[in-house]
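Written out below as structure tokens is the structure these notes cover.
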Protein chains: 2
Amino acid sequence: MYKAATIKDIARALDVSPSTVSRALRDSHEVGTETKQKVLEYARQINYHYNPAALSLRSRRSYSIGIMVADVANSFFSQTINGIESIAYERGYNVIITQSHDSYEREVINMEHLANRSVDGLLISMSAQTVDYAHVTRLHEQGLPIVFFDRILSDIDTFKVTTDNFRSAYNATEALIKKGYRNIAHLANAPQLSITTERLNGYKAALADNDIPFNENLLRHCYNGGRDEQEVEQAVNSILSAADKPDALFIASDRISTACIRALNQIKGADELAIIGFSNSDVVDLLSPRISYIRQRAFEMGQIAIEMLIKLIESKYPVYEFETKLLEAEVYWQK
Amino acid sequence: MYKAATIKDIARALDVSPSTVSRALRDSHEVGTETKQKVLEYARQINYHYNPAALSLRSRRSYSIGIMVADVANSFFSQTINGIESIAYERGYNVIITQSHDSYEREVINMEHLANRSVDGLLISMSAQTVDYAHVTRLHEQGLPIVFFDRILSDIDTFKVTTDNFRSAYNATEALIKKGYRNIAHLANAPQLSITTERLNGYKAALADNDIPFNENLLRHCYNGGRDEQEVEQAVNSILSAADKPDALFIASDRISTACIRALNQIKGADELAIIGFSNSDVVDLLSPRISYIRQRAFEMGQIAIEMLIKLIESKYPVYEFETKLLEAEVYWQK
DNA sequence: GTGAAAGCGCTAACAC
DNA sequence: GTGTTAGCGCTTTCAC
């Protein structure tokens, strides 16, 4: 098996001490220019790379960060991950991705796992099922740097970045109203998620500002975040067979959107229904029935999140000033 | 900042030596049962976890493996990753995912990166752009365990797992023929990919076995693997305006399928066209125009790949017997 | 400007 | 059955 070159190898070859080599490689000023050149040149030549395990052991840093998302298969999350990686690699961190699949147990186990793997920090989007935050709070209190993105936790004081969900929902709902729709139903996500409340509130506010009373019968929560297609199907069916049948539908997430569309394909006479939903899918424009969509700036969200995290990790002093950044989403009308 | 407990801490607290603690934790038989109990109990109590950096430094193993895919946003790959992780975590490995985005440069850089991060092994699905394998060969020759999945490299002798692309393409094509279609066009992937050739050969064989001459005019390669929508659009247009207009279309990949469908939405009179394509998307059944699809066993492929890799990594002796495993794919007819 | 030595957390000879 | 010691690759005092 191949054995990588070490600092000692370089030191021996160049007849200097390991410490000098180390200094030269770190570009320290307390090394002679000539020696530094020599070392750098030779290191390049033999394709030297530092040993991350040794570095970690000494520095008590792993140069890896953990990501916790519901699902990489979700377009929104995969775009966020792309954003995260684009910065992380550049800054010398690698990234360990774990998926909760929206299960509380998996979230706890995975976070435990990441902490034991001694990541330098955590980027978290909460699972839909989680109501008890003890596992997050514990790590946070132990001093592990954590940044929340997308599905954030208001109780924990740290950096956060998410979409301006209130405003996005407000805008989408109001646009539907301006187009003449009055009975606008809302398929909401699991109620414990931050994004659910924010989007629901935006929807309600737009109704109120346009003198449309909020109608409880036009609201359904999907407790499994659209994972359970039956649940969505039932919600769609019951909402469409209500006395005050909706003329428009506002859907709170990607997964629920597709499950809903699948359900609508089974239903006759839903053609006049105007549909708008959150979606970052790259095929949403090809779905039938047609659906207008709200697209979040996922890639950018990932970039901002990782930059916040690296700031936390590399800060020399404890940070007490935290920011919650909100990103605008864009609405795309179809049909 | 929180400081994790070490073996020394346990040793001091229990008034034994570090090596005894180490042995007890490893469940060695050369430790007294009583001592072992005591150590285990105390370790649990103070929530001891070994330090991965120290372990890596000593064992020259990182307990992490690298994955190289084109894109996590691709359903096929995200399902494969799920399969890989399901086994890897259980076996104490974590997983570093990198994406080539089908670019040769990114593939080289990422593999370099992974190797420097001293992963214990690599799981690779080749980028569509890659024609020069030197970077892979080099690592392979240095003794880094490598397993190929999906887009494999026949020149390198190691474990491989992929779909039985020949058979899948053959079956899909033959089924179209049995349904009465004769002018079956094929939108192929980048020609340097193993899967491209295998699928193309399956298509040709089915034609031949049914006495339909292969028609060069009905074949188009998408050199960018469907990433370049314009390229796909041009291919579709040119193929549909050919003298011998096709009555059916067989598409070689997920990405090309969706790009093709997007193109077809712009074209009048493509309604009678029967379409079948490789796809692991979970919304493929909702796309319009309707498309039949070939679904690969992605999750299982990931599981098999990681098991092969772990076998390689943990083998005490060099392995010379390699297997290439082929998985069946399933066809789903629509409309 | 450079070197020697110690130590990060862990394990494997080697003693006893 | 248990302890002592050395060393994995690296950096950082502390000397000189």
Side-chain angles (χ1 to χ4, degrees), chain A residues 1-40 42-43 46-64 92 115-120 314 316, chain B residues 1-40 42-43 46-64 92 115-120 314 316:
Chain A
M1 170 69 195
Y2 170 75
K3 180 142 173 352
T6 74
I7 280 190
K8 273 191 194 163
D9 296 332
I10 301 181
R12 214 173 303 124
L14 265 40
D15 201 33
V16 291
S17 80
S19 15
T20 304
V21 176
S22 171
R23 282 188 271 250
L25 291 171
R26 303 252 132 233
D27 200 26
S28 154
H29 7 248
E30 26 174 41
V31 192
T33 331
E34 206 178 325
T35 322
K36 194 186 283 183
Q37 284 307 324
K38 215 172 51 177
V39 170
L40 258 33
Y42 185 72
I46 65 167
N47 191 30
Y48 168 81
H49 290 284
Y50 62 83
N51 177 323
L55 223 58
S56 294
L57 183 56
R58 244 205 86 89
S59 64
R60 300 147 168 291
R61 299 260 319 267
S62 66
Y63 296 96
S64 66
N116 294 345
R117 287 279 168 178
S118 59
V119 292
D120 293 340
E314 300 189 346
K316 297 245 192 321
Chain B
M1 170 71 195
Y2 170 76
K3 179 144 174 352
T6 74
I7 279 190
K8 274 192 193 162
D9 297 330
I10 302 181
R12 213 173 304 126
L14 266 40
D15 202 34
V16 291
S17 81
S19 22
T20 304
V21 176
S22 171
R23 282 189 272 251
L25 291 171
R26 305 250 134 234
D27 200 28
S28 153
H29 10 248
E30 27 173 44
V31 192
T33 330
E34 207 178 323
T35 322
K36 193 186 282 184
Q37 284 307 324
K38 217 172 50 177
V39 170
L40 258 32
Y42 185 72
I46 65 168
N47 192 30
Y48 168 81
H49 288 285
Y50 63 83
N51 178 323
L55 223 58
S56 295
L57 182 57
R58 243 205 87 88
S59 64
R60 299 147 170 292
R61 300 259 320 265
S62 66
Y63 296 96
S64 66
N116 294 345
R117 286 280 167 176
S118 58
V119 292
D120 294 340
E314 300 189 346
K316 297 246 194 316

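Within every chain, numbering begins at 1; the chains are lettered A, B, ... in the order of the sequence lines, protein sequences first and strands thereafter. Everything numeric here is computed off the predicted structure, so don't read it as measured data. Values below: every heavy atom of this structure, side chains too, minus hydrogens, waters and symmetry copies.
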Sequence neighbours excluded - side-chain hydrogen bond (donor to acceptor under 3.5 Å, both in side chains) pairs with any residue from residues 53-63 of chain B: B/R61-B/Y93, B/R61-B/D120, B/S62-B/S64, B/S62-B/D120
If I compare all heavy atoms of [X] with all of [Y], which pair ends up nearest, and what's the gap?
X: B/A13; Y: B/Y42; value: CB-OH, 3.4 Å
X: A/A24; Y: A/L40; value: O-CD1, 3.6 Å
X: A/A5; Y: A/I46; value: CB-CD1, 3.6 Å

DNA chain C: 5'-most and 3'-most nucleotides touching chain B, 4.0 angstrom heavy-atom criterion: C/dC8 to C/dA13
Sequence neighbours left out, cut at 3.5 Å: what donor-acceptor pairs do the side chains of residues 30-38 of chain A make with other protein atoms?
| unit_1 | atom_1 | unit_2 | atom_2 | d |
| --- | --- | --- | --- | --- |
| A/K36 | NZ | A/D27 | OD1 | 3.0 |
| A/K36 | NZ | A/S28 | O | 3.0 |

Distance in angstrom units between B/L14 CG and D/dT2 P, rounded: 11 Å
CD1-OH distance between B/I7 and B/Y50, expressed to the nearest 0.5 angstrom: 12.0 Å
Angle by which the axis turns from one end of the helix from C/dG1-D/dC16 to C/dC16-D/dG1 to the other, five pairs per end, to 10 degrees: 50°
Per-nucleotide protein contact string for nucleotides 6-16 of chain D (B base, S sugar-phosphate only, - none; heavy atom under 4.0 Å): -BBBBBBB---
A/N51 side chain near A/T6 side chain, heavy-atom distance below 4.5 Å: no
Side chain to side chain contact (heavy atoms under 4.5 Å, CB included) involving A/A115 - partner list, sequence neighbours excluded: A/L139
Touch class at under 4.0 angstrom, heavy-atom based, for B/S56 against every strand present: nothing
Table please: side-chain donor-acceptor pairs of residues 15-22 of chain A below 3.5 Å, with sequence neighbours left out.
| unit_1 | atom_1 | unit_2 | atom_2 | d |
| --- | --- | --- | --- | --- |
| A/S17 | OG | A/S19 | N | 3.4 |
| A/S17 | OG | A/S19 | OG | 3.1 |
| A/S17 | OG | A/T20 | N | 3.3 |
| A/S17 | OG | A/T20 | OG1 | 3.1 |

